[in-house]
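Quick note on labels: first sequence line is chain A, next is B, and so on, each numbered from 1. The structure presented is a predicted model; accordingly, all values stated were derived computationally and were not measured.
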Number of protein chains: 2
Amino acid sequence: MLHVLLHMARHDGPMKSETIGTMLGTNPVVVRRTLAGLRDAGYVRSEKGHGGGWVIACDLERVSLLDVYRAVGGPRLFAIGNEHSNPDCAVEQLVNTAVEDVLRDAEALLVKRLGAVSLAELSRGLDARCAGVSRRRLPGVD
Amino acid sequence: MLHVLLHMARHDGPMKSETIGTMLGTNPVVVRRTLAGLRDAGYVRSEKGHGGGWVIACDLERVSLLDVYRAVGGPRLFAIGNEHSNPDCAVEQLVNTAVEDVLRDAEALLVKRLGAVSLAELSRGLDARCAGVSRRRLPGVD
DNA sequence: AATCATGTTACTCAGTAAGTTACATGATTT
DNA sequence: AAATCATGTAACTTACTGAGTAACATGATT
């Protein structure tokens, strides 16, 4: 979806769900479903009828990757979670506490890092990349 | 599974898959499937026949939570991954690079923290907890 | 030889995400 | 006003994963 947002920001006029769907190899309805979260969060706006489609509705400077992630709807960041088969078991309680402790810190880092990057920064990175593609090495790519 | 390993360490003699299954509300075959990874890694050993079952086969001091996690078989730590719909798209490349950068750091932290805790430490934490349960606050629990 | 417990395979079942179809709503164009 | 276009949404189908289950083989103990 970040992919889509950046394209949208650089695109002149609204983008159709079908165009976006073709772009990332899926279909229009799935695009609408996913984009609905971003619309509800106020990051994009959708317009109906002739010449309609999706447009950016926010200041890219004020929206972070974390904002997008949350709006698009992944409440769970990690693939691992705790079991609670017998809540009274001291072993289970201790293990859960230890694991949750680690997970909490890792999630905090993830949140911090994702929250520190704005869409505008990504867009600027793209400008730089296009400008110097033939002369310089690409930033962040080995 | 950490739960199971600690119980196993404190249990005198082999534990049956059925016992373990009952313990965490699942069935014996699932237990065997999951424990198979730990057996292949050499952390536990299984014995057949009368009085058989699962026993610890390692020094708890030398096995970390990370080791267990890997042995039990979760190659993917995060619930989010990158898309690769059109590898030639500059936007996608930039976005993927940025996201991977963050993910890599978060995973590194997770690996570091999980690798820093041994099963033996957890077991000691359990001893302390049992000993002082009526007098002191439980460590790590608010 | 009988019994017990694991090892393994194959099948079924449940939950989730994506894909698909169909139709309603609203905006633009003619 | 009518036709067209694009989104909004609901309902259904499909694909995939993980757990649950059943069946049988292997090996060890009694």
Nearest heavy-atom pair of [X] and [Y]: which atoms, and what distance?
X     : Y      : answer
B:A71 : B:Y43  : CB-CE1, 3.8 Å
A:P14 : A:E47  : CG-OE1, 3.7 Å
B:S64 : B:G115 : CB-O, 3.4 Å

Tell me whether [Y] is reachable from [X] by hopping between hydrophobic residues (I, L, V, M, F, W, Y) whose side-chain heavy atoms are closer than 4.5 Å.
X      : Y      : answer
A:V99  : B:L109 : no
A:V44  : A:V55  : no
A:V111 : A:V102 : yes

Counting side-chain heavy atoms from CB outward, which of C:dG19, C:dA22, C:dT9 is closest to A:V29?
->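 Among C:dG19, C:dA22, C:dT9, the one nearest the side chain of A:V29 is C:dA22.
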Query raised in the report: Between A:R113 and B:D101, is a side chain to side chain contact (heavy atoms under 4.5 Å, CB included) present by the stated rule, with each step listed?
Result: CA-CA 10 Å; A:R113 291 288 303 269; B:D101 185 47; 3.2 Å; yes
Within residues 3-26 of chain A, find the residues that approach DNA chain D with a heavy atom at under 4.0 Å, and present them sorted by residue number.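 Output list: A:M15, A:K16, A:S17.
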Report yes if the side chains of B:E92 and A:L6 come closer than 4.5 Å at any heavy-atom pair, otherwise no.
-> no
Flag side-chain contact, heavy atom, 4.5 Å: A:L122 against A:L60 = no
Would you please confirm or rule out a distance under 4.0 Å between OP1 or OP2 of D:dG8 and any side-chain N or O of A:S46? yes
Task: Watson-Crick or G-U wobble partner of D:dA15, both distances under 3.5 Å - done: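 With both distances under 3.5 Å, D:dA15 matches C:dT16.
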Subject >> Watson-Crick/G-U partner (both atom distances under 3.5 Å) of D:dT30 >> reply: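 Pair assignment: D:dT30 / C:dA1.
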From CZ of B:R32 across to P of D:dA22 the rounded distance in Å is 14 Å
Taking atom P of C:dT8 as reference, at what distance in whole Å does atom CG of B:N27 sit?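 Atom CG in B:N27 sits about 17 Å away from atom P in C:dT8.
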What residues 47-60 of chain A contributes to the DNA chain C interface at heavy-atom separation below 4.0 Å is A:K48, A:G49, A:H50
| task | Can you sort out which residues in residues 33-40 of chain B have a heavy atom within less than 4.0 Å of DNA chain C? Ascending by number, please. | result |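 Within this stretch, B:R33, B:R39 sit under 4.0 Å of the strand.
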Would you call B:D67-B:R62 a salt bridge at under 4.0 Å N-O?
no
Q) Has the side chain of B:E107 got a donor or acceptor atom that lies under 3.5 Å from a matching backbone atom of B:R104? A)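 Pair absent, no side-chain N/O of B:E107 close to backbone of B:R104.
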